[in-house]
Structure formats: structure tokens, C-alpha cells
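One structure below.
Both backbone and side-chain heavy atoms feed into the values below; hydrogens, waters and symmetry mates do not. Order of the sequence lines fixes the chain letters, A, B, ..., with proteins taken first and strands second; residue numbering starts at 1 for each chain.
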Amino acid sequence: MADSKNFIEQIIDEELKEGGRVYGKKIHTRFPPEPNGYLHIGHAKALEIDFGTAEEYNGLCNLRMDDTNPTKEDEEFVEAIKEDIHWLGHDWDDRFFYASEYFEKMYEFAIELINKGLAYVCELTPDQMRDMRGDTKTPAVSPYRDRPIEESLDLFKRMRAGEFEDGKMTLRAKIDLASGNFNMRDPVIYRINHLPHHRTGTEWCIYPMYDFAHPIEDALEGITHSLCSLEFESHRPLYDWVVNNISVETKPRQIEFARLGITHTVLSKRKLRAMIEAGIVTGWDDPRMPTLCGLRRRGYTPASIHNFSARNGVAKVNSVVDFAFLEYCLREDLNDHAQRAMAVLKPVKLIIDNYPEGSSEEFDVENNPKDENAGTRKVTFSRELWIESEDFMEEPAPKYFRLFPGNEVRLKSAYVVKCVSCDHDADGNVTAVHCTYDPESRGGNTADGRKIKSTIHWVDANNCVDGEIRLYDRLFTTEQPDLADCNYLDFINPDSLEVIKGAKLEKFLENTQPEDRFQFLRTGYFCADSKDSSPEHLVFNRAVSLKDSYKPE
RNA sequence: UGCCGAAUUGUGUAACGGUAGCACACCGGUCUCUGACACCGUUUGUCAAGGUUCGAAUCCUUGUUCGGCAGCCA
């Protein structure tokens, strides 16, 4: 009851019972990305299901590049994909494969099918084939269907030998031209493509189609459960047809699950690429991107993504999960583990009128109240500090209980101060806030026990470092920019990035390393940018803000 | 309209013939040296109509709605 099984696990449980299909066997899955783009948060769900299910049953999961189409794939994505998966904490030991490793075997299986009278070489052009596909009431047609086996054999060998140009002919499975399932209307299983492949070079000029290749890849690797997304559901009969008609020892089972959608973003590679090309984002790893490398650069942790994926559940209805849930999972993880620091994003000077000029002192500040072992650090304090401009209002709004003339607040871990006045420039902007401090409140507690409603963060103006802060917002202004009847580019959020140059940071942050994560008190969780941050020029990305229940007016 | 699949609160899911539960979001409150975290609470749901049954989200029938397939993509 604690954690109920999803429908895939229920199926596996059944099959594992005595007499079941995989009784006594080790559960074996695979994650088969096509190396033509970067992994995104949607893949994290597939990773969770493929690797996670294997782990749960103490089984194995292979990583396999599904590289059967040389026009789309490239080696450049392979390493990035491996890195992202490792980053998430999954591993495949020595079971890393390319579908292209099986090209020779696939070819032999194709010959087997021809010999069994279950495949034939068809000379229809792509246009002709489409025209002869038929419709819901009319069966498809191929004039080459009853070609003698010997002839198909000869032609198929010559296809491989490179005698024919692209598109000239195909190898088709002989199944059912009248099937209501169009995937079964004698699907093409080999096409000619005179293009070098990123792995096999010019060795081949014919390439197997997914529907033929995938079940073979699974069968050859001893995969017991081939878990894939819903759009392959109507391909399952073909998957089964292939494994049942070729000579393989194990017959894997395909089970489909719903893809993950997420609000306020798009996940199609095409659309993500278009946003890069349009300059809306800076690249695949732009911190606003839903790619794994983008989320990583933004400050997301593997644990947060893992929890998100695991808690979304597995079903057969396509779902769109609220982005807020992903954010929740990040806060949850970082709240427990992130080092705290004080950083003033939009500074205004606070001058303590009754604090001795030129003097200074140190306070101990907790590194993480959620972690007893995190210890404390020293923070210096002097007459002039930086505070958040939002933490002062000359004329306070209702229910505002931070700094305003006459009000007391606590400076985190330091003193209680009382606001007395503020300075303005010629335009009326506040240039400095004046206050007095209560010397008896050293450390933050009042001597007379009076309650201080608000505690604000601060930075010593005489001992701090400057930094650049990048604040991010949703990429799209609407929950589902992906909906069919609209153009997603119309909903780009023009304010998805705000750059703050002159933030004032606690001194120790100057030693920050790329990808270090912090909670900046009261403003959110931040991550040192992996590309742009250096000790000379600190750059922090806000991964997610803290929740804020203060609502003006 | 051929074939396949799916419908449980705003969102995502659980309940497998026996009290419709959980998480996020929302709203309200308690607590607080982070208006965070934590804790407590309110509101909101079984697509529809029939049927079987002592009892139906669950089984049956019909209907409705939504998604997928009809690339020499995966």
C-alpha cells in the first residue's frame, strides 16, 4: 500500500509467477535514445521507467543508441546523452550498444523473411506508395507483392551492393494490405540511402526501418520488456510479427506508457532547436531550457529530477504536469542540502547612525538550519550594510512588516535595528536608509524579550563581493504553448531572463566553484553558472525562488 | 467515419466488488531569527445513461469526449 505498483510492474509481477512468460528470468530493459538531440525532462521519465524498473527487479538496463537513420543522427550527441544519464545517476556497466552493431544480423533476418515468403522487394516510388496506401475502406496495393522469392532475394542483395539509387526500391514485409492498422499494410522494412553513417561509414547503403530494427535489437540483447511511449502502441502488432517470424531465442514484450508533458514549456526537439536558432535562448544548455543540461546549469539536482519523475506515476493517458511540481521537488532537495548565504540582489545602503564609525565585529551564522552538522560561519558587520531595497518602504503597505520609519526588524544573526529615516536623491529615489541599533540585542535576541516580527538579510558594505545574478522566469506565458491550434512562438515570455549586475554577496562566496548551489536567504536557490562564473566575475543563476506568501495589498 | 488506446477534484495519480485516498497548486490558520521550512485545516472529483449486485470508480451494454496511427522518421 505504501507504494502501489504501476501498471507495468503489475504486468511484470504476473509474468514472473510460475508459468509466466519470464518466470525465473532476470528482468532486462533498455533505454534507446536516437542520437539526434539532447535529452530533456521528458526523457527523465523514460529513464526512470527503463532504468528504474530494472533496478526495482534487481535486473539490468542497457543503453542503446538507436542509430538506424544516417540522415538524422550524429556522434556529437552520443557523449552528451551518456553524460546526462550518468549525471542523473544511472549506469549501464559495459552494456552500451549501437543499433548499427546489428546491421549484419538484421540483414540476415531480412533474408530469412524473404526466404519464408514474408518479405519482398517493392519498386514503388515513395509517391506511388503513398497513393496506393489505400484508406480505411480500401486496401493498399503493390504490384510487386507476388514477386518470386528468388527475384526478391536477388534484388535485395543488389540493393545492398549499391546497384540502385535512393528511393528506387524497398524491402517490404508481406503482412496484410487490408489491415485496419496501417502499420501492417506491408510496411517498408529496408530503404536505400547512400549516405555515410556516423558509425558504419559507407559500409551500408540500405538501412532498416525502426519497426523492423527495434524488435531485433531487443531480442538480440535479451530484453524482456521493451518499454516505450504511447505512440508505438499501434506498432506493437508489427513488433510481435517480427519477433515471431525470425529465428531468435527470446521474444521481448513491448509495453507502452504515456509521455510526460510539462506546463509552460515545449519538449519537441524541433521546437527547442527552433528557439535556439531564433535566438530566444542561447543554446541547448540555456538555464531556461527543459533539457537535462539546461536544468543542470540552472541548478537542478539529480535527486530533484529523480523524485519528480518517480512521483509523477506511470499511466496510459498523456499528461501535462504542473511546472510548479518540478520546482517543489527542487526546493525540497535543496532545503535539506544547500548551504545558506546572504546575498543582496537589489541593494540599498543601510546606515546605523549610532554604531561607532570605523569599528567592526563578527557574528556566527548557521550554514544550514536543516542540517545539524553543517556548522556555522563568520560574517562581519559594520556601520554600513547593504539590504534588499524591497525590505524597506518609506510608506508601508498594509501588513508589511519589514523596515519602515519607526519599525524594528532583526538583521539576521546580528542586531535589532529601528528605522529612523531615509535619504533621497533629486528624483526622490531612496539612496540610503538610516536606523539605530539596540546594543543589547547582540546575536539577534532582545534583552527584554520583545518579539521582533521580521528578520531580514544583509551584507557588510565593507566586506563583500559583487556578483551578477540571473533571474529566470517561465519560457512561455501560457501553460500549454504546444496546443495544436496555436503557434507556440506567440507565447514566448519576453521577460524570462532578468540580469542583475550589482548584487552584493557575502564575502565567502568569492570562492564559489561552478555548479555550487546555495540558498540565498529569503530570495531563493542559486547555482554558480558553469560557463560564465569565475572568481573575478561571479555569476549565479536562480534555480527557483523561495515560496513567498507575502501578498501586497 | 478503419484500427488501437484512454477517461477519478485545477494538475498528476491511488483504490483491482466493500469508508473515494495521496502529492502539487489554491485558500485559511499555527509556528518561526528565512513572510522559507514544519504543522493543522477548508473547498473541489469517479465522462453520461442504463444494467448486474446487499453493495460499482471497479463488472456488462450503449453513448459521449479526448489521444494515437495512415514517412522509404524514431
Side-chain angles (χ1 to χ4, degrees), chain A residues 1 3-6 10 32-34 36 66-69 71-73 99 122 124-126 129-130 133-138 140 166-172 178-185 187-193 206-207 209-211 213-214 228-237 256 258 260-261 263 308 311-329 331-332 335-336 340 342 365-366 369-370 399-402 409-414 416 443-445 451-457 479 519-524 545-551:
Chain A
M1 193 66 183
D3 38 356
S4 54
K5 301 231 173 184
N6 67 47
Q10 291 177 15
E34 185 184 16
N36 70 344
D66 213 354
D67 57 348
T68 56
N69 184 353
T71 63
K72 295 170 66 179
E73 293 136 9
C122 179
L124 256 21
T125 65
M129 203 180 288
R130 195 181 326 113
R133 175 84 53 194
D135 55 38
T136 53
K137 295 193 178 94
T138 322
D166 293 3
K168 196 76 178 171
M169 49 186 76
T170 58
L171 184 69
R172 289 229 247 171
S179 174
N181 180 351
F182 279 69
N183 298 123
M184 299 297 269
R185 312 254 267 218
V188 170
I189 58 176
Y190 263 94
R191 77 283 214 183
I192 302 172
N193 193 343
I206 57 172
Y207 293 94
M209 298 289 290
Y210 170 88
D211 282 322
H214 207 84
C228 65
S229 49
L230 236 38
E231 70 263 32
F232 294 105
E233 207 160 19
S234 57
H235 294 245
R236 186 175 356 114
E256 312 85 14
L260 172 79
T263 62
F308 173 77
R311 292 195 277 217
N312 273 328
V314 182
K316 298 196 73 158
V317 230
N318 279 305
S319 57
V320 180
V321 177
D322 200 332
F323 197 91
F325 187 53
L326 215 207
E327 295 185 321
Y328 165 81
C329 291
R331 289 193 190 103
E332 179 190 42
N335 184 44
D336 286 343
R340 266 58 169 176
M342 293 199 284
V365 184
E366 60 209 351
K370 293 288 170 188
K399 292 197 178 166
Y400 183 85
F401 45 77
R402 276 110 93 166
V409 301
R410 174 169 33 239
L411 298 172
K412 172 73 181 175
S413 300
V416 172
N445 292 312
K451 295 281 186 205
I452 304 299
K453 179 74 172 163
S454 184
T455 300
I456 65 173
H457 60 281
E479 277 200 4
Q519 184 199 91
F520 288 171
L521 239 50
R522 304 205 303 134
T523 58
S545 65
L546 252 33
K547 277 183 66 174
D548 184 2
S549 61
Y550 171 63
K551 294 174 281 297

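OP1 or OP2 of B/G35 has not a single side-chain nitrogen or oxygen of A/R402 nearer than 4.0 Å. For the OP1/OP2 pair of B/U13 and a distance below 4.0 Å, the side-chain nitrogens and oxygens of A/S319 include at least one atom meeting the criterion.
Between the C1' atom of B/U13 and the CZ atom of A/F308 lies a distance of 13 Å, rounded to the nearest Å. Across the protein-nucleic acid pair, A/R340 atom CZ and B/C37 atom P stand 11 Å apart, rounded to whole Å. Put simply, NE2 on A/H457 is 18 Å from C1' on B/U32, counting in whole angstrom units. B/A36 atom P lies 12 Å from atom CG of A/N335, rounded to whole Å. Regarding A/D336, its CG atom lies at a distance of 12 Å from the P atom of B/C37, rounded to whole Å. Distance A/I456 CD1 to B/U34 C1': 12 Å, rounded to the nearest Å. Between A/R236 atom CZ and B/A6 atom C1' there is a gap of 13 Å when expressed in whole angstrom units. The interatomic distance linking A/L521 (CG) with B/G35 (C1') rounds to 12 Å, in whole Å.
Residues satisfying the side chain to side chain donor-acceptor pair (under 3.5 Å) test with A/R191, not counting sequence neighbours, are none. With sequence neighbours excluded, no residue satisfies side-chain contact (heavy atoms from CB on, under 4.5 Å) with A/N445. In this view, A/S454 satisfies the side chain to side chain donor-acceptor pair (under 3.5 Å) rule with no residue, not counting sequence neighbours.
Stem regions for RNA chain B, each three or more consecutive Watson-Crick or G-U pairs with both distances under 3.5 Å and listed by first number, read B:2-7 with B:64-69, B:10-13 with B:21-24, B:27-30 with B:38-41, B:47-51 with B:59-63.
Here A/S413 lies in heavy-atom contact (under 4.0 Å) with a base. A/E479 comes within 4.0 angstrom of nothing in the nucleic acid, heavy atoms only. No contact: A/F323 has no heavy atom under 4.0 Å from any strand.
More than 12 heavy-atom neighbours from other residues, nucleotides or ligands sit within 6.0 angstrom of NZ on A/K316.
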Handout entry: Per-nucleotide protein contact string for nucleotides 65-74 of chain B (B base, S sugar-phosphate only, - none; heavy atom under 4.0 Å)
Key = --SSSBSBBB
Practice task
Report, as a single string ordered 5' to 3', how protein heavy atoms within less than 4.0 Å touch nucleotides 16-27 of chain B: B base, S sugar-phosphate only, - not at all.
Solution key: B------SSS--
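Base orientation of B/G71: syn, since the glycosidic angle falls within 90° of 0.
Nearest to the side-chain atoms of A/K316 among the listed nucleotides B/G5, B/C37, B/G12 stands B/G5.
Ring-plane geometry between A/Y328 and A/F325 is classed as parallel, the angle between the planes falling under 30 degrees on a 0 to 90 degree scale with a further cut at 60.
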Exercise for the section: Go through the steps for A/N181 and A/S179 under the test side-chain hydrogen bond (donor to acceptor under 3.5 Å, both in side chains), then give the verdict. Expected result: CA-CA 5 Å; A/N181 180 351; A/S179 174; 5.4 Å; no
